[in-house]
Amino acid sequence: NFNFRFNYIPNGTQNILPSMAKLIAPLFCPLGFASVGVVCSLLAGIVAKELILSSMVIMGAMSALTPASALSFLVFCLLYSPCISSVAVLNNFIGKKWTLFTIFAQFGIAYVLARVVYVVATWSFGWVDLALTIMTIIFVVIGLKMLKHQRFCLSCHNCSQSNCKK
């Protein structure tokens, strides 16, 4: 339990992880799991995926999930970016630009599919739900199409393939 000044806080409310989770928890509301404990477990999962379940149990976040939101949570956990060590290896192989693209693409795909799973599981497909889901899908597709036009050499990361010397 540490605050943002890295001072130890016994049972404090200004811990780093819950403070960050409170800030981004509204982002996960359309997926059905906007609880601070659930979002804390997702943040812990960036370090190692094995920490997701144990941090949920420690924070008492299991009761915050309904069956539909639990299914959405599982889909999101399966598809969002891998642990930080895998990201470091990926960065060594494909470079910083494509690693960031991969992380954001995985997050976008995980978000869209978890949203679809949650909407289908709750059968609450109103106009607002439909509009949010379609806009999210369109945003991801447009982003992928824009990046498709920027092709770079996988060996040196900074040249176009037409004038590559390798």
query = If you group Ile, Leu, Val, Met, Phe, Trp and Tyr by side-chain heavy-atom gaps below 4.5 Å, do Leu51 and Val36 land in one group?
reply = no
key: Straight-line distance of Leu90 CG to Thr99 OG1, nearest 0.5 Å   = 4.0 Å
key: Verify same cluster id: Ile103, Leu78 (apolar side-chain graph, 4.5 Å)   = no
ask   = When rounded to the nearest 0.5 angstrom, what distance separates CZ in Phe104 from CD1 in Ile109?
value = 13.5 Å
Check: Tyr118 ring centre within less than 6.0 Å of Phe28 ring centre = no
inquiry  = Minimum heavy-atom separation for Leu31 and Ala114, please, with both atom names.
reply    = CD2-C, 3.9 Å
key: Which atom of Gln106 lies closest to which atom of Pro82, heavy atoms considered   = OE1-CD, 3.2 Å
query = Out of curiosity, Ser55 OG to Leu53 CG, how far, rounded to the nearest 0.5 Å?
reply = 8.0 Å
ask   = What about Ile46 and Ile52, same hydrophobic cluster or not, with Ile/Leu/Val/Met/Phe/Trp/Tyr joined at side-chain heavy-atom distances under 4.5 Å?
value = yes
query = When clusters are formed by joining ILVMFWY residues with side-chain heavy atoms under 4.5 Å apart, either directly or through shared neighbours, do Leu113 and Tyr80 land in the same one?
reply = no
query = Taking a hydrophobic cluster as the set of Ile, Leu, Val, Met, Phe, Trp and Tyr residues connected by side-chain heavy atoms closer than 4.5 Å, whether directly or through intermediates, do Ile94 and Val89 fall within one such cluster?
reply = yes
ask   = Does the side-chain contact (heavy atoms from CB on, under 4.5 Å) test come out yes or no for Thr66 and Phe33, once each step is laid out?
value = CA-CA 9 Å; Thr66 64; Phe33 49 89; over 6 Å; no
task = Mind running side-chain contact (heavy atoms from CB on, under 4.5 Å) on Lys22 and Val39 for me, showing each step along the way?
result = CA-CA 8 Å; Lys22 285 178 191 173; Val39 176; over 6 Å; no
Value rounded to 0.5 Å, distance of NZ in Lys49 from CD1 in Ile84 = 10.5 Å
Separation of Met20 CE from Cys40 SG (nearest 0.5 Å) = 9.0 Å
task = Would you tell me whether Ser72 and Ser69 have side-chain atoms, one donor and one acceptor, within less than 3.5 Å of each other?
result = no
remark   = Separation between CZ (Phe73) and OG (Ser41), nearest 0.5 Å, reads 3.5 Å
